[in-house]
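Order of the sequence lines fixes the chain letters, A, B, ..., with proteins taken first and strands second; residue numbering starts at 1 for each chain.
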Protein chains: 2
Amino acid sequence: MTDHLKTAARICSIIEQRIASGAYEDGDKLSEMALAEQLKVSRTPLREAFQMLDSIGLVTLIPRRGAFVKRPTMTRLVEMFEVMAELEAWCVRLATKRITAAQRLYLRQAAQDCDAALQAGAPDRYYEANNRLHGMIYEASGNQVLAEETQRMHRRLRPFRRQQLDVSGRLAKSMKEHADILDAMNAGDADRAADLMRLHINTLSSTYDSYLTTLGEHVRDNA
Amino acid sequence: MTDHLKTAARICSIIEQRIASGAYEDGDKLSEMALAEQLKVSRTPLREAFQMLDSIGLVTLIPRRGAFVKRPTMTRLVEMFEVMAELEAWCVRLATKRITAAQRLYLRQAAQDCDAALQAGAPDRYYEANNRLHGMIYEASGNQVLAEETQRMHRRLRPFRRQQLDVSGRLAKSMKEHADILDAMNAGDADRAADLMRLHINTLSSTYDSYLTTLGEHVRDNA
DNA sequence: TCTTTTTATATTGTATACAAAAATCATGGA
DNA sequence: TCCATGATTTTTGTATACAATATAAAAAGA
């Protein structure tokens, strides 16, 4: 293998997308032999991928029985966003108080890169800069464990994210929200920064609404 | 294998304990062949265990190079407790508003079982009932994802927990704190319940101080 | 003697082989 | 016809084999 970037992770991403896109339905059995042949890998790295998927809650591994698709319901997706919003809000609250001068510079740079990518209409660059901006806030929280957990939750939401161009000026709105959050941070207003972040994540979550249609599910009036 | 309870998890626990106890030092290379022979398993389940340990941050997996022990520093352990405290506080805040009648009953039962085990001087039963109590609060939050993440963090802290009998009336103090938290929940005072939970976790964290000595590390005046 | 290049050894990543358990199918009885 | 029991086939869990890379050791050159 010249992949260098391990096969299991690649397989994991593929199956992830299939689950998110609805190619697999909830409860579907993932046959090792069939998938191994289809994806041109042996069972060993495939089983590794299954474990990854299990750890992010997209499949259920039942001993001696196999891997079964666990497609998140809309309710569960909302719950993931609730957790995400709260984690990020906490990060930004801590970061407001603890951020270093260097981190502040990197953060400003990431925000500028977001802006530039938006102007240039380059969604890939926007995506990268946006991740860098959020990741920098996690780090600036000064709590490495919190940063890792938040990053993990971010990663878990990724497959359900619409990777589309800017529809209805959503990205522009995000930019404005970023600016407001950074302003609150610079002003040292941790509570406001946290509240703004919560709103920001909720705004993002609305872009996942399309998931609902592919799900054919009624939203429970919970959460 | 008649284990039924998968070997990888068992291996994972063993290595976990070795790391926590200081049998392995930070940075130690975990040789697959050597460990496989020592633990009487093949490389396959051993590598599974390595991945588990990687996912809970106790080893670093470097491609084509191997698994290396990543022993948490005291700072990191404190960070884990910070996250734990915040997650549990959030759980109890939500639970105060959302708990069902049935869950309230189970919660009360778990608290009584804690008490009974304490009176009987049965640490194993206390341990089980205590886990049940906390787990019930996670569930009662009504956010399944939050509950899972909190449970996960609880699991991660387990190897660093002193599994000792009641020293200096610590368990009795815990009991009182449980009672106060449940009182606040019953009174519908979410903020107070959350604050009390934070204090409760911080009390628990002090019992991990012994880790410091085995670590031979100076606590940074951070966090 | 020290550095660099080449060769040999050891270790990881992946594929395959084998054993045990589960699922499927078939047969037999009520 | 339906259910139960037993044989057959799949499928999973673990061990091993093989290929590719990294580590070490040795040899050559400065």
Side-chain angles (χ1 to χ4, degrees), chain A residues 1-19 23-71 152 155, chain B residues 1-19 23-71 152 155:
Chain A
M1 273 287 151
T2 332
D3 269 344
H4 285 133
L5 296 164
K6 40 206 186 308
T7 34
R10 187 171 53 84
I11 304 298
C12 178
S13 291
I14 292 173
I15 300 177
E16 224 179 353
Q17 286 185 328
R18 291 188 183 177
I19 295 175
Y24 291 139
E25 289 192 35
D26 188 72
D28 277 3
K29 167 98 185 268
L30 297 177
S31 161
E32 291 185 6
M33 286 201 319
L35 260 177
E37 187 176 17
Q38 185 188 10
L39 300 174
K40 309 295 183 198
V41 293
S42 77
R43 286 175 55 212
T44 311
L46 181 61
R47 283 170 63 91
E48 266 183 60
F50 282 176
Q51 288 177 74
M52 293 182 188
L53 290 163
D54 180 64
S55 80
I56 59 178
L58 288 183
V59 313
T60 305
L61 241 46
I62 302 178
R64 290 261 171 226
R65 208 141 269 146
F68 298 87
V69 172
K70 188 171 154 194
R71 190 158 194 253
R152 186 178 119 91
R155 165 73 182 73
Chain B
M1 272 287 150
T2 333
D3 271 342
H4 285 132
L5 295 165
K6 56 240 169 284
T7 33
R10 186 171 54 83
I11 304 298
C12 178
S13 291
I14 292 173
I15 300 177
E16 222 178 355
Q17 285 185 330
R18 291 188 183 177
I19 294 174
Y24 292 138
E25 290 192 33
D26 188 72
D28 277 3
K29 167 99 185 265
L30 297 177
S31 161
E32 292 185 5
M33 286 200 321
L35 259 177
E37 187 177 18
Q38 186 189 11
L39 300 173
K40 309 294 183 200
V41 293
S42 77
R43 286 175 54 212
T44 311
L46 181 60
R47 284 170 63 90
E48 266 183 62
F50 283 176
Q51 290 177 72
M52 292 182 188
L53 291 163
D54 180 64
S55 79
I56 59 178
L58 288 182
V59 313
T60 304
L61 242 45
I62 302 179
R64 291 261 171 227
R65 209 142 268 147
F68 298 86
V69 171
K70 187 171 156 195
R71 192 159 193 251
R152 185 179 119 91
R155 165 71 182 72

For Val69(B) and Asp26(B), the nearest pair of non-hydrogen atoms, with its separation, is O-OD1, 3.6 Å
Phe68(B) atom CZ is separated from dT11(C) atom C1', nearest whole Å, by 11 Å
Rounded to whole Å, the CZ-P distance (Arg10(B) to dG13(D)) equals 15 Å
With a 4.5 Å heavy-atom cut-off, do Ile19(A) and Val59(A) have their side chains touching?
yes
d(Arg71(B) CZ, Asp28(B) CG) to nearest 0.5 Å is 10.5 Å
Here the residues of residues 25-36 of chain A within 4.0 Å heavy-atom distance, strictly under, of DNA chain D are Lys29(A), Glu32(A), Met33(A)
Residues 45-62 of chain A vs side-chain hydrogen bond (donor to acceptor under 3.5 Å, both in side chains), sequence neighbours excluded, gives Glu32(A)-Arg47(A)
ask   = Within the structure, does a side-chain N or O atom of Arg47(B) lie under 4.0 Å from either OP1 or OP2 of dG13(C)?
value = yes
- For Glu37(A), look at atom CD and say whether over 12 heavy atoms of other residues, nucleotides or ligands are found less than 6.0 Å away. no
Can you tell me if the side-chain N/O atoms of Ser42(A) get under 4.0 Å from OP1 or OP2 in dA15(C)? yes
Taken to the nearest whole Å, CD1/Ile62(B) to P/dG13(C) is 11 Å
Measuring to OP1 and OP2 of dT14(D), would you say a side-chain N or O of Thr7(B) lies under 4.0 angstrom away? yes
(message) In the structure I gave you, are the side-chain heavy atoms of Glu16(A) and Leu53(A) within less than 4.5 Å of one another anywhere?
(response) yes
Reckon Arg65(A) touches a base, only the sugar-phosphate, or nothing at all at heavy-atom distances under 4.0 Å? sugar-phosphate
Are Ile15(B) and Leu35(B) packed together at the side-chain level, in the sense that at least one heavy-atom pair is separated by less than 4.5 angstrom?
yes
Per atom distances to the Arg43(B) side chain, the nearest of dT14(C), dT14(D), dA22(D) is dT14(C)
Atom CD of Glu37(B) and atom C1' of dT14(D) are separated, to the nearest Å, by 17 Å
Side-chain contact check for Arg64(B): nearest option of dT16(C), dT21(D), dG13(D) is dT21(D)
Rounded to whole Å, the CG-C1' distance (Leu61(B) to dA22(D)) equals 16 Å
Glu48(B) atom CD is separated from dT14(C) atom P, nearest whole Å, by 15 Å
task: Please determine if a side-chain N or O atom of Thr44(B) lies less than 4.0 Å away from the OP1 or OP2 oxygen of dT14(D).
output: no
